[in-house]
Amino acid sequence: MRRLRNRLAGALLSVLALSLTATGCGGSSEAAPGGGDPTSSPAGASVANRVEPLARKPEPRLPVTVPSADGERVTVRAAERIVPLSGSLSEIVFTLGLGDRVVARDVTATFEQAAKLPVVTRGHDVSAESVLSLRPDLVLAETTSGPEEAVDQIRAAGVPVLFVEAAKGLDDVGPRIGAVADALGVPSAGKELTRRSEQRIEAVRGDVPHGEEPRVAFLYLRGSASVYLIGGKDSGAGSLIEAAGAVDAGAASGLDKDFTAITSEALVKAAPDAILVMSKGLESVGGVDGLVKIPGVAQTPAGMDRRIVSVEDGVLLNYGPRTDQVLKSVVAQLYGEDGAK
């Protein structure tokens, strides 16, 4: 089953991994570890470069046996040395209050509390040797983590590996937190964090201006690797765009795949009023000035108005404990701090 999912993830994951390596961007989705400006959005609210742990630190009650998203059942007997294989999963562990048990990180975990940990994953490229050298008693993985052979090698060494479904939208925030919390033996803390996260997201949604819904296109950019993609129905950004009171321009224009190579025709058909990008991607094409030089961008309403929404790479599509901050940043940049379009 996981083999099939990895093939379906296929082309896009390969492109993302290539662009990560080519740009040398390490960090939340590609920001340099411990470096760079964490508030690089051109306007509006930025996302804090720290996670906010729960007020009370929970104590894991183990062992537990929990379902894994790859169809297996995993027994966790200890959680003293945890290795999350994605920035999003690291964020959940730290926010649950168990960050002192994390011994390594993925290149996408660059929030302040995790930034100094050794990197064992880069762009879906897990190093089994690096992971095993840290003597973990639990590895947390996304269903897109790989290569499969590396994960199998970790399991063959006797280390429990729990797979969590990859995030696709706002509805995944609670289930992902719950899956991690249950595996760590802190289900009550998971429920508390889920309530806090969902309440904060709803509070931001309540402040979204009403009226005409702007069309927003999500572009994935890596200039140094010549990667220019427009998000479609399965890009993962649609849920966030809709929560901000907008329309996913790529999906609305009929793009059914996750990502499609940018063409002038596709952009004209999408006709976005605003463009959503990751901050490192925007930087890689030379900022807004470089973005509008990509064929077709200058001919869109967004390009003509230079209406660009930029959010830090490692949190934009995490759908986790900081998603309320991501949504707040998108809303502030999309409508202006005063809510005016």
Side-chain angles (χ1 to χ4, degrees), residues 28-29 45 47-69 74 76 78-103 105-106 108-115 117 138-143 160 162-206 236 239-240 243 311-312 314-330:
S28 30
S29 242
V47 179
N49 199 33
R50 292 181 57 84
V51 299
E52 180 189 346
L54 294 174
R56 291 179 298 176
K57 183 177 179 178
E59 185 62 37
R61 301 186 65 176
L62 301 171
V64 295
T65 299
V66 292
S68 177
V74 175
V76 180
E80 298 294 332
R81 299 182 63 82
I82 306 167
V83 176
L85 297 182
S86 76
S88 178
L89 295 176
S90 290
E91 182 176 319
I92 294 172
V93 177
F94 273 84
T95 311
L96 285 168
L98 300 176
D100 57 344
R101 297 166 180 254
V102 177
V103 296
R105 67 180 177 93
D106 176 74
T108 61
T110 55
F111 53 89
E112 186 175 317
Q113 295 99 318
L117 291 169
L138 175 63
V139 170
L140 300 173
E142 306 271 358
T143 49
L162 178 85
F163 280 90
V164 179
E165 286 289 355
K168 296 180 180 178
L170 287 169
D171 290 343
D172 295 321
V173 172
R176 283 169 59 82
I177 291 173
V180 173
D182 289 350
L184 296 178
V186 291
S188 295
K191 292 181 174 63
E192 180 183 352
L193 181 56
T194 295
R195 282 195 301 271
R196 190 185 84 175
S197 301
E198 292 178 344
Q199 288 171 357
R200 290 180 176 182
I201 290 169
E202 286 307 309
V204 178
R205 295 181 76 161
S239 176
L240 186 67
V311 178
E312 294 88 318
V315 292
L316 178 58
L317 300 181
N318 268 6
Y319 295 113
R322 287 190 290 172
T323 294
D324 64 297
Q325 296 180 46
V326 174
L327 182 57
K328 184 177 181 180
S329 177
V330 171

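In this text the structure is predicted, and so the values were computed from the model without any measurement. Just so you know, residue 1 is the first one in the sequence shown, and it goes up from there.
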>> Between Arg105 and Thr110, does the side chain to side chain contact (heavy atoms under 4.5 Å, CB included) criterion hold? Intermediate values first, please.
In response: CA-CA 9 Å; Arg105 67 180 177 93; Thr110 55; 4.0 Å; yes

>> If we ignore hydrogens and angles and just use 3.5 Å, is the side chain of Thr108 paired with the main-chain N or O of Gly314 as donor and acceptor?
In response: no

>> Using side chain to side chain contact (heavy atoms under 4.5 Å, CB included), reason through Asp106 and Leu85 one step at a time and then give a plain yes or no.
In response: CA-CA 5 Å; Asp106 176 74; Leu85 297 182; 5.7 Å; no

Enumerate donor-acceptor pairs with a distance under 3.5 Å from any side-chain N or O in residues 88-95 to protein atoms, sequence neighbours excluded.
{"residue": "Ser88", "atom": "OG", "partner": "Arg176", "partner atom": "NH2", "Å": "2.7"}
{"residue": "Ser88", "atom": "OG", "partner": "Asn318", "partner atom": "O", "Å": "3.3"}
{"residue": "Ser90", "atom": "OG", "partner": "Ser86", "partner atom": "O", "Å": "3.3"}
{"residue": "Glu91", "atom": "OE1", "partner": "Asn318", "partner atom": "ND2", "Å": "3.2"}
{"residue": "Glu91", "atom": "OE1", "partner": "Arg322", "partner atom": "NE", "Å": "3.3"}
{"residue": "Glu91", "atom": "OE1", "partner": "Arg322", "partner atom": "NH2", "Å": "3.3"}
{"residue": "Glu91", "atom": "OE2", "partner": "Arg322", "partner atom": "N", "Å": "3.0"}
{"residue": "Thr95", "atom": "OG1", "partner": "Glu91", "partner atom": "O", "Å": "2.6"}

>> Can you confirm whether Pro321 sits close enough to Leu193 that some side-chain heavy atom of one is under 4.5 Å from a side-chain heavy atom of the other?
In response: yes

> What's the spacing between Gln325 CD and Glu52 CD if we round to 0.5 Å?
Replying inline: 8.0 Å

> So, do Arg196 and Leu54 sit near enough that their side-chain heavy atoms are less than 4.5 Å apart?
Replying inline: yes

> Quick one: side-chain contact (heavy atoms from CB on, under 4.5 Å) partners of Arg50, sequence neighbours excluded?
Replying inline: Glu112, Gln113

>> For the CZ atom of Arg61 and the CG atom of Leu184, what is their distance to the nearest 0.5 Å?
In response: 15.0 Å

> Between Leu316 and Val326, is any pair of side-chain heavy atoms under 4.5 Å apart?
Replying inline: yes

>> Are Val103 and Leu117 packed together at the side-chain level, in the sense that at least one heavy-atom pair is separated by less than 4.5 angstrom?
In response: no

> So how far is it from Glu202 CD to Ser197 OG, rounded to the nearest 0.5 Å?
Replying inline: 12.0 Å

> Quick one: CG on Asp324 to CD on Gln199, what's the gap to the nearest 0.5 Å?
Replying inline: 11.0 Å

>> Assess whether a salt bridge exists between Glu192 and Arg195, defined as any Lys/Arg side-chain N lying under 4.0 Å from an Asp/Glu carboxylate O.
In response: no

> What distance separates Ile177 CD1 from Asp182 CG, expressed to the nearest 0.5 Å?
Replying inline: 11.5 Å

> Rounded to the nearest 0.5 Å, how far does CD1 of Ile201 lie from NZ of Lys328?
Replying inline: 13.5 Å

> Less than 4.5 Å apart, any side-chain heavy atom of Glu165 and any of Asp172?
Replying inline: no

>> Before you tell me yes or no, could you show the steps for Tyr319 and Leu240 under side chain to side chain contact (heavy atoms under 4.5 Å, CB included), namely the whole-Å CA-CA distance, both residues' side-chain angles and the distance that decides it to 0.1 Å?
In response: CA-CA 9 Å; Tyr319 295 113; Leu240 186 67; 3.5 Å; yes

>> Taking salt bridge (Lys or Arg N to Asp or Glu O under 4.0 Å) as the definition, give me every residue that meets it alongside Glu80, ordered by chain and number, with sequence neighbours left out.
In response: Arg101

>> Could you check whether any side-chain N or O of Ser329 sits under 3.5 Å from a backbone N or O of Val47, counting only pairs where one atom can act as donor and the other as acceptor?
In response: no

